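Please read these numbers as outputs of a predicted model, since none were measured by experiment. Chain identifiers are assigned alphabetically (A, B, ...) following the order of the sequence lines, protein sequences preceding nucleic acid strands; residue numbering begins at 1 within each chain.
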There are 2 protein chains.
Amino acid sequence: MTDSGGAREESSVAGTSRRDAVLESALGVFARYGYRRTSMEEVARTARISRPGLYFLFESKESLFRAAVTQALERDLAAAERLLADQGTPLRERVLGAFDRWAGRYVGPLSNDVSGVIEQNPDLLGAIVVTAPDRFEALVTKAVEDGPFPETATSVVRTLISVSVGLKHQVETRQEYRDRLAVAIDLLVG
Amino acid sequence: MTDSGGAREESSVAGTSRRDAVLESALGVFARYGYRRTSMEEVARTARISRPGLYFLFESKESLFRAAVTQALERDLAAAERLLADQGTPLRERVLGAFDRWAGRYVGPLSNDVSGVIEQNPDLLGAIVVTAPDRFEALVTKAVEDGPFPETATSVVRTLISVSVGLKHQVETRQEYRDRLAVAIDLLVG
DNA sequence: ACTATACAAACTAGGCGAAACTTGTAAAGT
DNA sequence: ACTTTACAAGTTTCGCCTAGTTTGTATAGT
């Protein structure tokens, strides 16, 4: 458990480090092939880095996976928060945008493998995967409470989340997901 | 394709034949162990019939499975229809009852295997599994159209079906499924 | 309208060793 | 702050085989 938690700063642009770039491409590979079937070799090749170099950045395959998932979750959560906060657009559209961003990535092809790893390592990677959906729910609920029916916000958002989960199993394309979720939002968010 | 389609009548009580009883217990076994891992031997034993006798009733394992699934679907559809037609109880409760009956069986442990067989034999067993959900949707939509907002009935029911699918993946118990679906129905069905 | 017994053909499971691949680390280099 | 090359230990995959199970049918019986 060394993984680097200390201060590391130099090279590249302000907020985005080399590390972050590797994390991003690694997530793409994990999402495409699943955790078990992606090798560090493949991740390294995709990130245009050597495999030992990858081990220099991340202690192990597991810690790399954990970091990649965590980063994606945090980023999508932040994006959802930003979309929801924009008072310029109507509530319905803000909520739709937040779900689209959140579910598009989090419930995507990645989720199968995330849940697979969770089942086998309940302790590892566990915290973020449980808390992130809760945080998303809280965010959306807060936004809906500023709408016309604050008292039903909790139920409405819970129901919308169920719709979102269901749609992921029913539809083929992201566009269809958006369209049908928009209908549900129109019905549920006054 | 012999399977018996002609006129067969005698023994046992009016509507329920020996065949039906075998079908019912066969469904239980299939639901418990999945299609591949249940043997005709096991089905025969559970139905208290000899294995050759089972082959006398059903041409093959596949046709038995198809018949069992079809029977269950038709029965649950009929039950949903009956529940929805009862003008004595409020619309909300009728809709909840219909979903509970429908999703409880159809989306239950059986569904994994049904979809598995569908994937491998798209033609066989295909028709009923596609049409039955459509028929269920039509049934509920018709009932909701008699409610206060007939013009949104189609969207409302589609959304409720998504909620139902989502809940199946979110909740652990049938009771929790009922409770949360009831909340959604209250929000969506005026 | 079945039961009991039996059988061929097909499929499935389990074992097992060899080959291939993967992880994680080391060492030397730039 | 990495790269290249190299390597041990572990895991996965593969091919092949054998043994066991399962399907579907037949035959004789009640």
Side-chain angles (χ1 to χ4, degrees), chain A residues 1-13 16-26 29-30 32-68 113 116-117 120-121 124-125, chain B residues 1-14 16-23 25-26 29-30 32-68 113 116-117 120-121 124-125:
Chain A
M1 319 271 176
T2 323
D3 203 302
S4 78
R8 184 196 341 87
E9 66 227 284
E10 46 239 314
S11 79
S12 74
V13 198
T16 176
S17 62
R18 173 103 193 220
R19 214 184 122 95
D20 286 353
V22 171
L23 241 27
E24 179 144 11
S25 75
V29 182
F30 280 129
R32 203 160 185 72
Y33 301 109
Y35 178 79
R36 272 184 68 255
R37 274 168 299 186
T38 75
S39 63
M40 293 297 264
E41 174 70 38
E42 176 74 14
V43 172
R45 203 184 311 131
T46 307
R48 318 261 239 131
I49 199 177
S50 71
R51 196 171 62 88
L54 193 51
Y55 278 98
F56 175 83
L57 254 41
F58 301 95
E59 196 189 30
S60 65
K61 187 181 177 183
E62 277 194 353
S63 85
L64 166 62
F65 183 66
R66 230 182 316 150
D113 214 57
V117 173
Q120 285 171 5
N121 300 38
L124 219 69
L125 178 66
Chain B
M1 315 275 178
T2 322
D3 205 301
S4 79
R8 184 194 343 86
E9 64 226 283
E10 46 239 317
S11 78
S12 75
V13 198
T16 176
S17 62
R18 172 101 192 219
R19 213 183 123 95
D20 286 352
V22 171
L23 241 28
S25 76
V29 183
F30 280 129
R32 202 159 185 72
Y33 301 110
Y35 177 78
R36 272 184 68 257
R37 275 169 297 183
T38 75
S39 62
M40 293 296 265
E41 173 71 38
E42 176 74 15
V43 172
R45 202 184 311 130
T46 307
R48 316 260 240 131
I49 200 178
S50 71
R51 196 170 64 86
L54 193 51
Y55 277 98
F56 174 84
L57 255 41
F58 301 95
E59 196 188 30
S60 66
K61 186 181 176 184
E62 278 193 354
S63 84
L64 166 63
F65 183 67
R66 232 183 315 150
D113 214 57
V117 173
Q120 285 170 4
N121 300 37
L124 219 67
L125 178 68

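- As a whole-Å value, the separation of A/F56 CZ from D/dC2 C1' is 7 Å.
- In this structure, A/L54 and A/A44 approach most closely via the heavy-atom pair CD2-N, 3.8 Å.
- A heavy-atom distance below 4.0 Å to DNA chain C is reached by these residues of residues 46-54 of chain B, ordered by number: B/I49, B/S50, B/R51, B/P52, B/G53.
- Closest approach to the B/M40 side chain among D/dT12, C/dT23, D/dT23 is made by D/dT23 (side chain taken as heavy atoms from C-beta onward).
- Separation of atoms CZ (A/F65) and OG (A/S60) is listed at 12.0 Å; rounding is to 0.5 Å.
- Under the 4.5 Å side-chain criterion, counting only non-hydrogen atoms from C-beta, A/L64 is not in contact with A/L57.
- Distance, B/K61 NZ to D/dT25 P: 15 Å, rounded to whole Å.
- In this structure, B/R45 atom CZ and D/dT23 atom P are separated by 11 Å, rounded to whole Å.
- Atoms CD (B/E59) and P (D/dT25) sit 8 Å apart, rounded to a whole Å.
- Between the C1' atom of C/dT23 and the CD atom of A/E62 lies a distance of 12 Å, rounded to the nearest Å.
- Put simply, OH on B/Y33 is 17 Å from C1' on D/dT22, counting in whole angstrom units.
- Atom CZ in B/F58 sits roughly 16 Å away from atom C1' in D/dT23 (whole-Å rounding).
- Rounded to whole Å, atom C1' of D/dT11 lies 17 Å from atom CD of A/E41.
- Scored by the side chain to side chain contact (heavy atoms under 4.5 Å, CB included) test, A/E42 finds A/V29, A/Y33, A/S39, A/R45, A/T46 as partners (sequence neighbours excluded).
- At least one side-chain nitrogen or oxygen of B/R18 sits closer than 4.0 Å to the OP1 or OP2 atom of C/dC2.
- For the pair B/K61 and B/Y55, the cation-pi test (distance below 6.0 Å, angle within 45°) is failed.
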Before giving the answer on side-chain contact (heavy atoms from CB on, under 4.5 Å), spell out for A/R51 and A/V43 the whole-Å C-alpha distance, their side-chain angles and the decisive distance to 0.1 Å. CA-CA 8 Å; A/R51 196 171 62 88; A/V43 172; over 6 Å; no

